[in-house]
Amino acid sequence: MSDARKELPKGYEPENVEARWRAFWEENKSFSPNAEALTPQGAYSIVIPPPNVTGNLHMGHALNLTLQDVLCRHARQLGKQVLWVPGEDHAGIATQNVVERRLKEEGKSRHDLGREAFIERVWAWKEEYGDNIRRQIKAMGASVDWSRERFTLDEGLSRAVRKVFVQLYNEGLIYKGLYIVNWCNRCHTALADDEVEHAPQKTRLWLINYPLEDGSASLTIATTRPETMFGDSAVAVHPEDERYKAFIGKKVRLPLTDRLIPVIADAYVDREFGTGALKVTPAHDHNDWHLGRKHNLECIQVIDDDGRMNGKAGAFVGLPKEEAREKTAAALEEQGFLKATQDYENSVGHCYRCHTIVEPHMSVQWFVSVKPLAEAARAAVPEKMRIVPESWTKTYYNWMDGIRDWCISRQIWWGHRIPAWTCDSCGKLVVQEEAPDICPHCKSTTLTQDPDVLDTWFSSALWPFSTMGWPDETSELKRFYPTSVLVTAFDILFFWVARMMMMGLHFMKEVPFRDCYIHALVRDAQGKKMSKSTGNVINPLDMIDRYGTDSLRFTLTAFAAMGRDIRLSEERIEGYRHFMNKIWNASRFALMNLDEQAPAPLDLGAVSGPHHRWILHRLEALKAEQKAAIAEYRFNDAAQTLYKFVWNEFCDWYLELIKPDMQAGGARKAAAQYVLWTVLREALILLHPIIPFITSEVWAALPGTEHESNLAAMPFPPARDTSAYMDDAARMEMVQAAIVAVRTIRAELNIAPSLKLALIIRPADEAARAAIEEQREAIMVLARLESLIIDASAEAPRVCASDVAGGNEIIVPLSGAVDFAAEVARLDKELLKMDKERAMLSGKLANENYVQKAPQDVVARDRARVAELGDAEKKLQALRERFRQGLQE
RNA sequence: GGGUGGUUAGCUCAGUUGGUAGAGCAUCGGCCUUACAAGCCGAGGGCCGGGGGUUCGAGCCCCUCACCACCCACCA
């Protein structure tokens, strides 16, 4: 940022800051890699799961985008060439629905406009509102390459779709056939099996008598759909069913009609269910369809594609099927065919887009013969494509094993038109990429294109390579395919992931992604799925307005790996905003203590001061953990580790410890400035992938960043060898324990923090004495002391409070009245705790099996701890004894 | 019917090769200690769902039961 300001305002104001950095990244094309250039660290690529153009950013997107952004920004820091392709999905049915709804408000239907005008209308809508979701992706701070943005219906992708369709057709993997499909009466289209959602419904079971041809007896069938009886072409019973053996091969008269239908036998029939006799309606039930094929039954369609009864339904023609159901049942009852009705609950399919009840419907559709494709896609896991977490692998296998042919034609207008033409003269089918001028069979020039469009997921399945320019051999494909990882929620594992695998392997001869990371579903605080109808939606944009994008991103990252779903509530986001505030204020403190210029570099290996060496050592541990966590998709670990370092180590201890250095001036101050500057810089780099905005803002304000003001372009800080600092770190921790001990005494005895204490520390040994002496000043400040005696032989005054920390005796002389009884009780409590632990460990060590079989270092550690506890207990007991005497006086 | 995940502090959840448990929020007490009250310092709180097994040792591995979610298939 050009106008790097050296002073940060008192509070962090996300709104301004975020807008500026978004603009900065965009203007600088920070995230557009050069596909021609080679980098030694290699390439890293992700294609965004394209949100629907009709869509609005929801929490699922927010999580999905955040995790991908963390991966991409981190990969850039590691020096990789990163491509993150953005784009949107044309979302056939969903988008068409939106525009149709608008037309309806104008009192029109799509048929009033006609196909071409309607599609123009949808494009116009897309131009006007498509920017909505794009703006929302930008709001999240996603570091995508907008110069490579794609839309599943743009020209390049359409070309890819046509090529794939034609090739699969020529290979015999796409066919056209009569089949029973899931039909949505409202959307007027076929749906794939997985686009149908099942939900229980309360209904009735009607028991209906079908009399034998000769009237000698009747067969009672059970159905939930009496209105489909006009399409019955048989009654089926189990071949072994003694009740009905005599009926097999005979004919029954279909009530309300004069048709005779055969009684057939098939083991498919469940003898236990209903009456054990099943009416077979091949045109209106999936299982009946298969039965009908097997037994060569007639398919009689009685419900039209708008859900109304047709001419075959006699008196009920024109009625909606639900109404016909009641009327048919009434007629049956009237004429004495209805034997009984029972209450019944079954499950019924609904359209996943509009939730209308789906009707099994017989029609001519296009199918992909998926078996061969699925086999290859199955075999590629896990060797070529790894699913993370691995537990999803089995689900993937199960689905691939049970897969059925995929119905890809949709009877809507918005989508990829099927590249198939029928010759008006000879009636033959022509399948090719471009519209034919002439029929290759009969040379006629009048051909009609198939009116259907392709399932949206057909084009989505090509997304990883179609976005990179396939079928051209582009440098993007060469450099960035296969992509590194696909990040998505499990709910589209089948819709999308499995199909990308099939298409990628078939057309690119290579998996579309090396890893597939399945993240959680975002739910509400009660664990319910967020949905508009439930009214429990937390809108990410509201959260961004209220708490800033970084707070939202950090929250989502911190909860990312906590199982299969995230229960999100506003309080959590609010909680992490406190962390942003902490970072902001710590940075302000740093800026107050740094000069205009970057501090003069020091040899960090020679920096004295255990606190510096301790924090540098902790920083190295953080760097290592951060790298490992992100590499393994342990996003929550990465976030938690950063949180703890920044708050509990850097802020709570280090910043307090350098305050005396800053006041001292001279070389001490210079050293503290340099270490502070170094640690803060590196911490900002580590935080940046998760919270890019606030870190960029702070970074630009730091001295020494004038020529590298774009934090997003900074490399991951190289590792520093701090193994020599181990001892310093341990000594620092001992001093911290002493300070905490004093604070605890102060708190428990209700000594005002404003009262400065005179402290005596009796060090455990000479090394401890030296370490404490070295940190004398820090202890004085942090424990709020007026004097400090460090002496193993110092006399404890009669009136005092005490503790043992890290082997050192902490003695706080007290003036005035002391509650001896309270102090004895306090020490007793502590002794009891120690005693319990020591007893447990001693017990273990007394067990010969343990000493023999457990690893030596574990045993040694226990022994050391027992000795330490024994020592501490002895010292505490002596102190306790003094109080007891005081008590008696 | 088939499968998956879960059951750990009041709440929401971590717990990476087995070494008897952690965080945030909430609660309680004390502090405006000049970066931060959106803060600081301290405290309390858990037979890790029940039962059994393997092991010197189990929140973690095996068996079993219970309850809660979810997914797939079927539902005349």
Side-chain angles (χ1 to χ4, degrees), chain A residues 8 10-12 193-194 198 200 205-207 221-225 228 235-236 268-270 273-281 285-288 344-348 389 391-392 394-395 398-399 402 490-491 493-494 521 523 525 527-529 547 558-559 561-569 571-572 574-593 625 628-629 632 634 636-637 640 643-644 648 651-652 655-656 659 739-740 743-748 750-754 781-782 784 840 844 847-855 857-859 861-862:
Chain A
L8 297 174
K10 193 146 196 274
Y12 174 54
D193 289 341
D194 50 17
H198 293 270
L205 204 54
W206 284 268
L207 305 185
I221 58 93
T223 182
T224 53
R225 303 200 53 193
T228 63
V235 172
Y268 161 76
V269 177
D270 179 356
F273 190 91
T275 60
L278 165 71
K279 76 186 206 44
V280 184
T281 323
D285 183 276
H286 289 99
N287 293 302
D288 292 8
Y344 184 63
E345 186 175 307
N346 68 351
S347 135
V348 68
S391 54
W392 286 105
K394 203 171 167 185
T395 310
N398 286 345
W399 192 75
F490 74 88
D491 55 349
L493 190 64
F494 308 134
L521 232 46
R523 297 171 181 279
K528 292 209 188 82
K529 208 166 172 172
Y547 308 107
F559 284 95
M562 291 167 87
R564 283 198 175 185
D565 44 17
I566 297 177
R567 294 186 182 204
L568 190 75
S569 64
E571 290 74 51
R572 302 193 170 181
E574 194 181 352
Y576 279 112
R577 179 182 55 170
H578 298 176
F579 183 50
M580 302 307 122
N581 192 246
K582 193 72 181 173
I583 293 170
W584 186 256
N585 280 302
S587 304
R588 287 179 58 229
F589 173 80
L591 283 170
M592 282 170 51
N593 285 285
E625 168 59 13
E632 294 161 29
R634 289 185 286 115
N636 59 328
D637 284 345
Q640 287 305 326
Y643 184 96
K644 282 182 187 159
N648 303 125
C651 291
D652 287 351
L655 294 187
E656 296 303 326
K659 281 178 181 173
I739 293 168
V740 169
R743 286 171 175 170
T744 305
I745 289 171
R746 197 191 271 279
E748 292 193 344
N750 261 323
I751 301 167
S754 52
V781 173
L782 295 185
R784 305 190 67 76
M840 187 268 290
K844 260 167 87 173
N847 182 338
E848 268 185 46
N849 274 323
Y850 171 67
V851 178
Q852 264 172 26
K853 295 185 184 171
D857 57 320
V858 174
V859 176
R861 202 184 54 209
D862 284 353

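All values below come from the heavy atoms of this structure, side chains included, with hydrogens, waters and symmetry mates left out. Convention: sequence-line order gives letters A, B, ...; per-chain numbering from 1.
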- Using the P atoms only, state how far B:C60 lies from B:G15, rounded to an integer number of Å. 14 Å

- Message: Using the C1' atom as the point on both nucleotides, what is the distance between B:G50 and B:A66, in whole Å?
- Response: 7 Å

- Message: Check this one for me: any side-chain N or O of A:Lys394 less than 4.0 Å away from OP1 or OP2 of B:U4?
- Response: yes

- Side-chain N or O of A:His578 closer than 4.0 Å to phosphate OP1/OP2 of B:G39: yes

Counting the atoms with a prime plus P, OP1 and OP2 as sugar-phosphate, which does [X] contact under 4.0 Å by heavy atoms, base, sugar-phosphate, or nothing?
| X | result |
| --- | --- |
| A:Met840 | base |
| A:Leu655 | base |
| A:Glu748 | sugar-phosphate |
| A:Val269 | base |
| A:Glu656 | base |
| A:Arg588 | sugar-phosphate |
| A:Asp652 | sugar-phosphate |
| A:Arg225 | nothing |
| A:Lys853 | base |
| A:Tyr576 | nothing |

- Is A:Glu625 paired with A:Arg634 through a side-chain N to carboxylate O contact shorter than 4.0 Å? yes

Can you tell which of [options] lies closest to the side chain of [X]?
| X | options | result |
| --- | --- | --- |
| A:Pro855 | B:C70, B:G19, B:G24 | B:G19 |
| A:Pro753 | B:C41, B:G19, B:G30 | B:G30 |
| A:Arg577 | B:A38, B:G19, B:G42 | B:A38 |
| A:Asn581 | B:G42, B:A38, B:G30 | B:A38 |

- Query: Any donor-acceptor pair under 3.5 Å between the side chain of A:Glu571 and the base of B:A26?
  - Reply: no

- Message: Taking Watson-Crick (N1-N3 plus N6-O4 or O6-N4) and G-U wobble (N1-O2, O6-N3), each under 3.5 Å, can you produce the dot-bracket string of RNA chain B? Use [ ] for crossing pairs and | for inter-strand ones.
- Response: (((((((..((((.....[..)))).(((((.......))))).....(((((..]....))))))))))))....

